[in-house]
Amino acid sequence: MSGEKTFNYCGFDSKDDLFLITNEINRNVTADISENVQDIPGMVGQLFQGNSYGQKVFDLEVTIQADSERDRVEKLHALSTLIMQTGDDEYPMVFSDEAEYTYYGHFSAVSKPERISQTSHWARFTLTFSCSDPKGYGEYESTDMTSNPITLTPNGTAECYPVITCMPKKDVTKIAITDEDGHYIYLGAEVDPDTGDAPIDKEPLVLHDPCNTLATWTSIDSNNLTFELENGVPGGTMQSTPNAIRVGTTSDGKANFGKPVSGKWHGPVRQQWLPSSYSNYRIRIRLFNRQYYARSKGKCEVYLLNSNGERIGHISVKDNGNSEVVTIKVKLKNGKSEKDVYNSPGKITQKKKTTKTIKVNNGTKKVKDNKGKTKTVQLWKTIVLDEDASTSTFTDFYGYIDLQKIGSKYRIEIMKFDDKGNPAWDKPIIVTWTDTKKEYTGSLAGIAFFTSKYDITEDTANPVKSYTENKMGLCDVKVWNIIDGGNGSSSVPTIIARKGDEIKINCETRMVYKNGAHFMEKFYIGSQWPTMQGGVMKTFSFEPDLDTSEWYVEMRPTTQ
């Protein structure tokens, strides 16, 4: 019907998924307003000190459609499950009468359903949706910054926060941007004109493998394996794609993790050497382990090797259970001595535990038919299997894991990305540990990638029961050699970004990112975050200039 009102909450359409007819979407003109006034003795009236603006509230008058009393109750239960929450998160809402904007909020009230008539199973009620941030957000609009200075005008009607990206064409020691109001962001340090100190680089990049070819990786099997896999054996094949190296496929299109091995993880292994051996280093890997079947068990691991091909540590993203709970582990190793610097699934969200049944072969027996002839018949039995829908912080993990060693100090940084490759969390998980006994002093000379599965009942059943295994892969590997404590230990200007790096200054989250990772080490403490107003021009200047860098800005229209 033309002009029909609907809303979409967290991806659920009010009409098609929630069976609601939206009779009216009532909204306030502005966010809630409260005056700030002060009584002054002897003064007629009050001193006005401005307004405060609170949340914005939407009242959604709806009718739920139902075919029977039971149908109505079940649909109300489903709606209740969707809108009830125990945390403090706010979720996206899109209204059909302004579909270009997304509001973020929570349901704060639900009226009691009332029948529309005594002969109908349909019922009316009102949902109250409250937005602590009263603004509606549009889609980001990208603009190339083709002149310096440049004047920009965002769409929308309310305050918005630009996301500015700089991609240097050569190594740089500083990056800066300022607006006409004097607000600026500054990264790096100036060269002292009196001493003439030149920039130095104490963290040279010694390996960058984008994992789009197997040419740089040597295939490893049981004959040339020099290190111990974590309860695993090599098998199957590896393949490369434009974005990752991952398990190969068999002729029938199934993942080739090799032959089943009782009580062991099994899958393909690839290895490569670094240009040299480094006693202090930082390694950053970007990889994914996505869950599609709760009972499936899959893990992907990067092993750290010394010049003898022995394991000095490994990084693991492992799904090992009847649920979708995923654990990330970073372990150091020196001979028989081992240390888990990090080993956690993060926060576990408990969900419903269920069972499923599969029918399997239970041998044969001879029977006589009604004519007295003997024949062999197949026997079957039903197996009941546990299944758990629980998840954890690292479920469907796609992101980077960073391990840094400087002397006896280790630092781990973990960040999950969303589907667009942007940070999914406000800040990374950071863990530090000091090897006070100096047990784990091995130098990094090589790496290996092991992607594997652990067989479950469905794999060994007769017949085998097909299911969707975890999708896993290694997307990128970078290794830096850290010299004399690294760039942070030097008082002279250091290189903060190299040719091809992406520096993203996000004025909305008030964070700076370098190649998708948080990068606040070189952030000048006096910096301020520029803001813009929809429909109002603002002029920006920036450094480095366009002859040595590329710049573009993303602006997200807002309304309120």
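- Annotation: Phe95 is in aromatic contact with Phe58 [ring centroid separation under 6.0 Å].
- Sorted pairs that involve residues 272-292 and meet ring pair (Phe, Tyr, Trp, His ring centres under 6.0 Å), not counting sequence neighbours, are lacking altogether.
- In this structure, the side chains of Pro149 and Ser147 stay at 4.5 Å or more apart for every pair of heavy atoms.
- Side-chain contact, Trp217 with Asp209: a donor N or O sits under 3.5 Å from an acceptor N or O.
- Between Phe129 and Tyr9, the ring planes are perpendicular. Angles over 60° get that label, and only those under 30° would be called parallel.
- In this structure, Asn148 contributes its side chain and Asp545 its backbone to no donor-acceptor pair below 3.5 Å.
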Just do the ring pair (Phe, Tyr, Trp, His ring centres under 6.0 Å) check on Tyr398 and Phe417 with the steps written out, would you?
CA-CA 6 Å; Tyr398 167 58; Phe417 291 157; 5.7 Å; yes
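- For the residue pair Lys504 and Thr165, a side-chain donor N or O sits within less than 3.5 Å of a side-chain acceptor on the partner.
- Within a 6.0 Å radius of CG in Asp426, other residues, nucleotides and ligands contribute 12 heavy atoms or fewer.
- Using the six-membered ring where Trp is involved, Phe542 and Trp551 have ring planes that are tilted, between 30° and 60° apart.
- Going from atom CD1 of Ile430 over to atom NE2 of His518 covers 8.5 Å, rounded to the nearest 0.5 Å.
- A 6.0 Å sphere centred on OH of Tyr552 holds more than 12 heavy atoms belonging to other residues, nucleotides or ligands.
- Heavy atoms from other residues, nucleotides or ligands lying under 6.0 Å from NZ of Lys169 number more than 12.
- In the displayed structure, Met520 atom CE is contacted under 6.0 Å by more than 12 heavy atoms of other residues, nucleotides or ligands.
- Proximity of Ser549 to Met167: side-chain heavy atoms (C-beta onward) are nowhere separated by under 4.5 Å.
- At a threshold of 4.0 Å, the pair Lys331-Glu230 counts as salt-bridged, since one of the basic side-chain nitrogens sits closer than that to a carboxylate oxygen.
- The shortest side-chain heavy-atom distance between Thr391 and Val325 does not fall under the 4.5 Å cut-off.
- For Lys174 and Glu543, the salt-bridge test passes: some basic side-chain N is under 4.0 Å from an acidic carboxylate O.
- Environment of CG in Asp547: crowded, with over 12 heavy atoms of neighbouring residues, nucleotides or ligands closer than 6.0 Å.
- Classification of the Tyr303-Phe227 ring pair by plane angle, with boundaries at 30° and 60°, yields tilted.
- By the side-chain contact (heavy atoms from CB on, under 4.5 Å) test, Pro134 is found to be paired with Ala31, Lys56, residues two or more places apart in sequence or in another chain being considered.
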